[in-house]
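A short write-up of the structure that comes next.
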Amino acid sequence: MTETINKSAAGGHQERYNPADIERKWQQRWREQGIYDVDLHDDSKPKYYFLTMYPYPSGDLHIGHWYAEVPADAAARFTRMRGNNVLFPMGFDSFGLPAENAAVKAARAGDTNVHPATLTYERIAHMKQQFQQMGAMFDWSKEVVTCDPGYYKWNQLFFIEMLEKGVAYRKESMVNWDPVDQTVLANEQVIDGRGDRSGALIERRLMPQWHFKITDYADELLDFSGLDWPSRVVAMQTNWIGRSEGAEVVFESEQGDQIRVFTTRPDTLWGATFMVLAPEHPLVAKLTTDEQRAATEAYVERTSHMSEVDRMADAKQKSGVFIGAYAVNPVNQARIPIWIADYVLMGYGTGAIMAVPYGDQRDFEFAREFGLDIVPVVRPDGAEGEVLSEELEEAWAGPGTMINSGPLNGLRHNGEKGRASPAIAAAIEHLESINAGEEQVTYRLRDWLISRQRYWGTPIPVLYCDACGIVPEKRENLPVILPEDVAFLPTGESPLKTHEGFINATCPSCGGAAKRETDTMDTFMDSAWYWFRYLSPNDDSRPIDPELAAKWTPVDMYTGGIEHAILHLLYARFFTKVLRDLGYVSVSEPFQRLRNQGMILGSDNEKMSKSRGNVVNPDDLVAQYGADTVRAYLMFLGPWDQGAPWSYTGIDGQARFLSRVWSLVVDSPSGSQAGGMTEAEVRRAVHHAIKEVTEDLAAFRFNTAIAELMTLQGALTKARAAGLAGSPEWRAGVSTLLKLLAPIAPHIAEELWHRLGEDGSVHLQSWPSFDPAALVSDTVTLAVQVNGKVRGQVEVPADATKDAIAAIAKAEPNVARHLEGKELAREIVVPGRLVSFVVK
RNA sequence: GCCGGGAUGGCGGAAUGGUAGACGCCGCAGACUUAAAAUCUGCCGAUCGCAAGGUCAUGCGGGUUCGAGUCCCGCUCCCGGCACCA
């Protein structure tokens with residue numbers, strides 16, 4: 001490794017490119033001159049809100065932060081040079097578990113001086129310093145820090161208004177309990193049965209918790225029209241919401257209880273040969289007969305202790321118990337047995353199903369396991385003869401014609417969903433006509449559980465009063481301050497539970513004694529609206545400035561990691577709609593365009609982590625190569641949305657490239673190989689680069705943009721060697737190269753811009769435009785194919801006719817050889833591309 | 001199982017249906033140097049050939065086309081998301 005990056009030229013005065021000499025200097029001058037401060041009220045240019053996901057203050061800026069922020073910065077700079085008033089803010093998502101866990105860990109070790117607040121603010125200060133090194137154009141004057149009372153106060157106001165509107169509610173339900181982090185988690189935070197932060201196996205607990213009614217917005221959240229988002233994110237959210245069309249059908253137990261089921265295949269109702277309830281279903285205790293009570297209770301007991309992961313592991317083998325009761329199928333009055341089984345989930349649909357073993361693989365396996373009847377109800381397309389259930393090897397869920405199904409016989413199920421299938425449509429009509437059910441849509445999405453049994457978050461602003469029940473805090477008392485004088489007990493419990501001064505309060509309604517809620521809000525609440533706050537971060541009279549929000553939102557471009565495809569991005573969309581319905585904003589969607597970068601992995605192709613020892617420290621890289629080289633290298637690795645394993649091979653190439661650009665401006669030219677290149681060719685190279693770099697940056701193709709810049713640098717270096725360094729074309733070319741390079745390597749571009757003798761900052765220049773006429777050359781090189789194989793190349797005048805081109809092509813010696821003695825069947829001339837001869 | 005994305009030299013990758021491998025890394029050779037580093041120049045998919053040139057080649061098998069990495073049909077493998085969701 002080299003300490004300084006050497007350069008050389010064909011002679012003359014030499015000053016090496018040393019990033020350390022220039023980067024700090026320019027960062028400081030840009031700050032002093034405020035060239036990145038945005039006037040939100042400036043109407044002279046179109047506004048462009050370029051947002052990148054704000055980081056959690058973990059303590060150290062990671063190469064992953066660079067990979068996320070640097071290309072976003074380049075795109076924002078490019079957008080700005082193209083004439084937009086670009087807002088590119090930054091802040092910190094500063095509530096959350098890591099800081100609190102650090103305090104608990106320290107307390108366990110006997111050190112009670114570590115506090116999440118001090119730790120967080122120290123880390124923020126350090127990371128801001130690291131951010132400076134990046135040379136990004138963040139407008140820090142709009143900074144938002146979510147653990148500031150001036151921010152979370154508004155979380156509390158929104159919560160109270162949502163409570164009043166019924167969007168926030170408290171209910172006892174089976175929740176995901178993380179035994180390591182000692183808190184509940186939202187469904188979105190449980191990955192493969194484990195907590196997304198702790199990795200601990202999630203337990204199921206019945207607890208009263210605060211929820212947001214995101215399910216009320218399910219259909220609206222499925223509508224992505226007008227949004228320019230990556231299809232994979234749209235697919236993931238659509239999947240997560242999981243809309244199913246079908247019908248709710250009411251069965252009756254022999255005792256007269258109504259048992260509601262949801263099914264996507266009401267057309268197969270005549271094939272329902274048994275029912276299955278979830279073990280937790282409220283009717284289980286009532287319906288179970290005395291003979292079956294012991295077995296049923298044992299099964300319920302057993303499943304209640306199983307974790308999600310145990311249940312999943314159990315999925316291969318169907319288990320269940322007959323509870324002794326029977327229900328009546330409303331369409332044919334068949335008497336069918338009622339079972340309980342853990343493959344039916346209380347949390348989805350109604351927690352009960354009609355089982356059609358002929359048409360559903362799970363029901364089929366269950367029926368085979370326990371010897372239950374299977375009645376064929378669909379004749380598969382193309383099936384011959386009688387359909388016999390004994391011969392089935394698996395359920396038939398595909399298209400076919402209804403049989404054994406009363407009024408549906410002969411109708412077709414075409415495999416489509418809902419009413420798009422004639423058989424399903426007829427089944428729904430029939431159910432509605434006999435008053436036994438109706439069309440219904442069910443979602444996989446559950447309400448957002450936002451209570452957390454932890455300290456370092458926004459206090460939920462409600463009180464519990466013996467006389468008045470649940471009472472929201474008065475608006476004028478907000479914020480409900482998170483007390484700092486708490487003890488981090490080695491139990492790992494939230495300190496709020498033991499803070500007498502916090503818990504004991506007066507009821508805002510009756511003035512009597514009341515207890516404060518000690519749960520705090522999920523930190524995804526903070527990130528569900530933070531971009532509105534960047535517009536008026538210090539306004540303590542209201543959360544959102546309606547005028548500025550109307551002007552600046554929706555966000556024009558949002559960039560961030562694909563790992564937030566569901567969590568943050570779904571909550572942000574939901575919360576924007578809530579804010580709209582509360583009257584705070586007029587937009588329905590937060591982010592017009594979304595681009596996701598991939599993940600930067602360790603060189604071992606694993607996720608970077610301290611425990612794996614594969615973490616790359618950007619500070620070290622900057623010290624060695626300079627920020628511009630690190631920036632260029634991260635953008636050159638490959639397509640941004642693809643991510644890449646980290647590798648040191650290749651970074652030298654970027655260092656060399658920037659040194660050569662340096663040399664173009666700094667070294668005195670001495671080349672004199674006259675005739676190596678013409679001024680027209682220089683001009684063509686420059687305008688070609690403008691065209692390509694513009695298109696690439698607009699499409700976030702940073703890697704190919706840099707490749708084009710390298711090609712332009714090569715052409716200018718060659719032109720200099722050809723003695724053109726004194727020409728206006730060459731000089732304009734260097735100036736253009738610096739402008740095109742400015743978004744990618746802002747420091748060196750600025751330094752060289754000044755050394756070239758140009759005025760002002762390169763970052764305040766307009767983006768160059770290209771002249772199509774300059775791209776045209778006098779002659780073009782065409783490939784010549786014979787029977788699809790390239791047999792030669794010819795150079796022809798750019799304005800040659802097709803006939804003339806064909807004649808030149810035929811004359812090419814190797815082409816002529818392949819044509820000789822053959823009959824010419826076709827000739828295709830594609831001007832500017834190739835000539836293709838077909839011979840027999 | 002369902003949904004999304006992918007597979008191109010030794011490596012990262014590039015290619016509106018039109019000369020596959022741009023740009024870079026690694027490697028090899030040369031120039032400069034007492035020497036080395038740095039820098040600069042050239043070469044760099046496989047294979048046959050002295051050369052001219054030929055053959056093969058973008059995961060596999062077909063197809064459309066004058067022409068396919070690109071379009072169509074059928075597979076294999078890899079990555080990501082969801083998953084006993086009725």
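Every heavy atom of this structure was used, including side-chain atoms; hydrogens, water molecules and symmetry mates were not. Chain letters run A, B, ... following the sequence lines, proteins first and then strands; every chain starts at 1.
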A:Ile353 side-chain proximity, nearest of B:A86, B:G67, B:A83: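 Selected nucleotide (nearest to the side chain): B:A86.
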Shortest side-chain distance from A:Pro639, nucleotide among B:C3, B:C84, B:A14: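 The answer is B:A14.
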Cation-pi geometry met for A:Arg631 and A:Trp66 (6.0 Å, 45°):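 Judged by the rule (NZ or CZ under 6.0 Å from the ring centre, within 45° of its axis), A:Arg631 is not positioned above A:Trp66.
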A:Arg573 NZ/CZ over A:Trp229 ring centroid, <6.0 Å and within 45° of normal: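 Here A:Arg573 passes the 6.0 Å and 45° test against A:Trp229.
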Provide, to the nearest angstrom, the distance between the [atom1] atom belonging to [X] and the [atom2] atom belonging to [N].
X	N	atom1	atom2	result
A:Glu823	B:C66	CD	P	16 Å
A:Trp640	B:G6	CH2	P	18 Å
A:Arg243	B:C3	CZ	C1'	18 Å

5' precedence on RNA chain B between A:Ser231 and A:Thr263 (nearest-nucleotide basis):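 The residue mapped nearer the 5' terminus is A:Ser231.
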First of A:Arg701 and A:Thr717 reached from the 5' end of RNA chain B, by closest nucleotide: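 Nearer the 5' end of the strand: A:Arg701.
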Per-nucleotide protein contact string for nucleotides 43-56 of chain B, where B marks a base within reach and S marks sugar-phosphate only (heavy atoms under 4.0 Å, - for neither): ----------SSSS
Residue list, side chain to side chain donor-acceptor pair (under 3.5 Å) with A:Ser304, at least two apart or on another chain: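 Side chain to side chain donor-acceptor pair (under 3.5 Å) check on A:Ser304 returns nothing, list empty.
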Any side-chain N or O of [X] less than 4.0 Å from the OP1 or OP2 oxygen of [N]?
X	N	answer
A:Arg232	B:G5	no
A:Arg444	B:A83	yes
A:Thr442	B:A86	no

Distance-only side-chain donor-acceptor flag, A:Gln713 / A:Thr717, under 3.5 Å: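 Indeed, the side chains of A:Gln713 and A:Thr717 share at least one donor-acceptor pair under 3.5 Å.
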Listed partners of A:Glu245 passing salt bridge (Lys or Arg N to Asp or Glu O under 4.0 Å), at least two apart: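 So A:Glu245 forms a salt bridge (Lys or Arg N to Asp or Glu O under 4.0 Å) with A:Arg243.
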Would you tabulate the pairs of protein nitrogen or oxygen atoms and nucleotide nitrogen or oxygen atoms of nucleotides 31-33 of chain B closer than 3.5 angstrom?
none

N-glycosidic conformation, B:G53 - syn within 90 degrees of 0, else anti: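 Anti conformation here, the glycosidic angle of B:G53 being more than 90° from 0.
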Aromatic plane relationship, A:Phe370 with A:Trp339 - under 30° parallel, 30 to 60° tilted, over 60° perpendicular: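 Taking A:Phe370 first and then A:Trp339, their aromatic rings sit tilted (interplane angle of 30° to 60°).
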Parallel, tilted or perpendicular: rings of A:Trp646 and A:Tyr633 (30°, 60°):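 It falls in the perpendicular class, over 60°.
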Check: B:C66 base within 3.5 Å donor-acceptor of A:Asn787 side chain: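 There is none.
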A:Phe636 vs A:Phe702, ring-ring contact (aromatic ring centres under 6.0 Å, His included): CA-CA, chis, key distance, verdict: CA-CA 7 Å; A:Phe636 191 67; A:Phe702 305 102; over 10 Å; no
Touch class at under 4.0 angstrom, heavy-atom based, for A:Val784 against every strand present: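 It contacts nothing in the nucleic acid.
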Touch class at under 4.0 angstrom, heavy-atom based, for A:Leu637 against every strand present: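 Contact class for A:Leu637: sugar-phosphate only.
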Atom pairs under 3.5 Å, N or O on each side, protein against nucleotides 22-29 of chain B: can you list them with distances?
from	atom 1	to	atom 2	distance (Å)
B:C25	OP1	A:Arg656	NH1	2.3

Residue-level proximity of residues 832-840 of chain A to RNA chain B when a heavy atom falls under 4.0 Å: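 Under 4.0 Å from RNA chain B: A:Arg833, A:Leu834, A:Ser836, A:Val838.
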